[in-house]
Amino acid sequence: MTEDAVRARQGVFFALAAYSFWGFAPIYFKSVQQVPAFEILAHRIIWAFILVFILIVGLKRLNRLMPIIRSPKMMFRLTVATCLLGGNWFLFIWAVNANHMLDASLGYYINPLLNVAIGMAFFQEKMRRLQLFAIGLAIVGVGIQVVTFGSVPWVALALASSFAIYGAIRKRLPVDSISGLWLETTLLVPVMLGYLLFFADSPSADMTANSWQLNLLLMAAGLVTTIPLLCFTAAAQRIRYATLGFFQYIAPSLMFILAVNLYDEPLAESKLITFVIIWSALALYTFDSVIQRQRNRRLKKSAVQEPIS
C-alpha cells in the first residue's frame, strides 16, 4: 500500500471517529443533565482551555499565538466568532437536556446547505442548479412546518445559522484549529469563571461539595470538546476537504437515532415531514457533489494525458 493510500485510510478513520464522537456526545450531556446548561458550558470552556493549552505547549505552538493576539482586527473577528460558538454550544447543551435532540439533529442536517448559501452570498462561490434546488427544498421543508403546523423549528435554525456564520468567519481567519480553539476559550474563560464563582447557585456549583464521580464528569467536558476536534483536524490533513464533507451526516444521524430510540423523544408529524424533505435536499446535494467530483477528475485526467504541442 502506498504512503498516500495509508494516509487516506487514516484520514477516513479519523473522520469517522470525529463525527461519531460528535454524534454520541448527547449521551455525555444527558449524564450531567442535573447540572444547569450554562454551568455545563462553563466547565466545557474552562477544562477545554486547560487541555488545549497543555497540547499547544506540548506541540511547541505558542509562537503561533502572538501574531494573532497582536492584531486588533483579527482579535475582533475572533471575538465575534467566539460569541457565536459559545451561543451554539450553550443552545446544543440546553436542547439535548430539554429533550429537543431531534431539533438539534435537524439543525446539523440543515447546516451544510446553509454553508453553501453563505458561500454564494458572501464568498462569490458559484452555485450549481442542483445545489440551488436542494437549498430551495430545505426552505420549503421548514416553510411547511411553519405554515401548515404553526411550529417554527427555532432551535434547529439557531443552531444551523450560528454554526454556519461562525464557520464563515473562521474561514477568513488565518488561524489553525487548535490555536483558534484555545484563543476562543481564553476569551470566554473570565466570563465562565465569574459565573461559577459569583452567580451559579445550583447544588453542583461548588465542586468541593460534589461527589468525585460528578466532578470527573464535569472535567470530562474538556475531553468532549477537544478529542473530536483533534480527530477532525487529523482527518482534514489526510483526506480532501470535499471528501470529509460526506462524513458530516454521521453526527446528526446518530443524534436522530438516539433521540427516537434511546431517549423516546416524540417524532411529531410536522418534524417527520421536515426531516424527510431535508433528507431529500441533502441527497440531491450529495449526488451533485459526487457528479462534480467525477467530472473534475475526468478533466484532470484528460489534461494530464493531452500531448504537449
Side-chain angles (χ1 to χ4, degrees), residues 15 18-20 22-23 25 81 84-85 87-89 91-92 95 100-149 151-172 228 232 235-236 239-257 259 267 270-296:
Y19 285 107
S20 297
W22 278 321
L84 288 166
L85 182 64
N88 181 275
W89 281 357
L91 185 56
F92 178 76
H100 287 286
M101 201 186 303
L102 281 172
D103 292 313
S105 171
L106 180 62
Y108 289 112
Y109 275 127
I110 293 173
N111 181 253
L113 300 172
L114 197 54
N115 285 340
V116 175
I118 287 176
M120 178 185 69
F122 297 100
F123 299 116
Q124 289 77 51
E125 294 178 1
K126 291 184 178 179
M127 191 83 69
R128 296 185 293 275
R129 287 183 181 179
L130 278 180
Q131 288 181 322
L132 279 171
F133 188 75
I135 292 170
L137 200 57
I139 293 170
V140 169
V142 173
I144 286 175
Q145 184 171 338
V146 174
V147 175
T148 307
F149 299 95
S151 171
V152 179
W154 68 269
V155 173
L157 294 175
L159 282 172
S161 58
S162 61
F163 199 71
I165 297 169
Y166 163 78
I169 294 172
R170 288 287 272 110
K171 181 182 175 73
R172 288 290 183 92
F232 177 83
I239 58 178
R240 288 162 49 90
Y241 207 76
T243 305
L244 189 59
F246 290 112
F247 292 92
Q248 65 190 328
Y249 308 127
I250 293 174
S253 298
L254 289 173
M255 289 179 207
F256 182 91
I257 293 168
L267 184 56
S270 61
K271 284 184 182 176
L272 181 57
I273 291 173
T274 303
F275 267 110
V276 169
I277 294 174
I278 297 297
W279 288 334
S280 301
L282 288 172
L284 276 176
Y285 169 74
T286 304
F287 175 74
D288 175 79
S289 299
V290 170
I291 295 299
Q292 187 61 32
R293 282 188 63 190
Q294 291 176 346
R295 187 177 300 160
N296 290 341

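The first residue of the sequence shown is numbered 1, and numbering continues consecutively from there.
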Atom CZ of F133: over 12 foreign heavy atoms under 6.0 Å: no

More than 12 heavy atoms of other groups within 6.0 Å of F163 CZ: no

Roughly how far apart are [X] [atom1] and [Y] [atom2], rounded to 0.5 Å?
X: F287; Y: L130; atom1: CZ; atom2: CG; result: 7.0 Å
X: L91; Y: H100; atom1: CG; atom2: NE2; result: 9.5 Å
X: F247; Y: F232; atom1: CZ; atom2: CZ; result: 11.5 Å
X: R170; Y: L85; atom1: CZ; atom2: CG; result: 9.0 Å

Apply the test side chain to side chain contact (heavy atoms under 4.5 Å, CB included) to residues Y108 and F92: give CA-CA distance (whole Å), side-chain angles for both, the deciding distance (0.1 Å), then the verdict. CA-CA 10 Å; Y108 289 112; F92 178 76; 3.8 Å; yes

Heavy-atom closest pair, residues [X] and [Y]:
X: L114; Y: S161; result: CD2-CA, 3.4 Å
X: A15; Y: A235; result: N-CB, 3.5 Å
X: I118; Y: A168; result: CG2-CB, 3.8 Å
X: M255; Y: G23; result: CG-O, 3.9 Å
X: N111; Y: A160; result: ND2-O, 3.3 Å
X: Y166; Y: A81; result: CD1-O, 3.2 Å

If we only count heavy atoms from C-beta on, is the [X] to [Y] side-chain gap below 4.5 Å?
X: V142; Y: I110; answer: yes
X: L137; Y: S280; answer: yes
X: R129; Y: D288; answer: no
X: S105; Y: L254; answer: no

For the side chain of D103 and the backbone of A156, is there at least one donor-acceptor N/O pair under 3.5 Å apart? no

Please confirm whether F256 and F275 have ring centers closer than 6.0 angstrom. yes

Verify whether the ring centers belonging to W22 and Y19 lie closer than 6.0 Å. yes

Contact list for residues 130-146, test salt bridge (charged side-chain N to carboxylate O under 4.0 Å, His left out), sequence neighbours left out: none

Of T274, L272, I277, I273, which meets side chain to side chain contact (heavy atoms under 4.5 Å, CB included) against Q145? T274

In this structure, which one of V146, L102, L159 forms a side chain to side chain contact (heavy atoms under 4.5 Å, CB included) with P153? V146

Going through the distances and angles, do I169 and I165 end up as a side chain to side chain contact (heavy atoms under 4.5 Å, CB included)? CA-CA 6 Å; I169 294 172; I165 297 169; 4.2 Å; yes

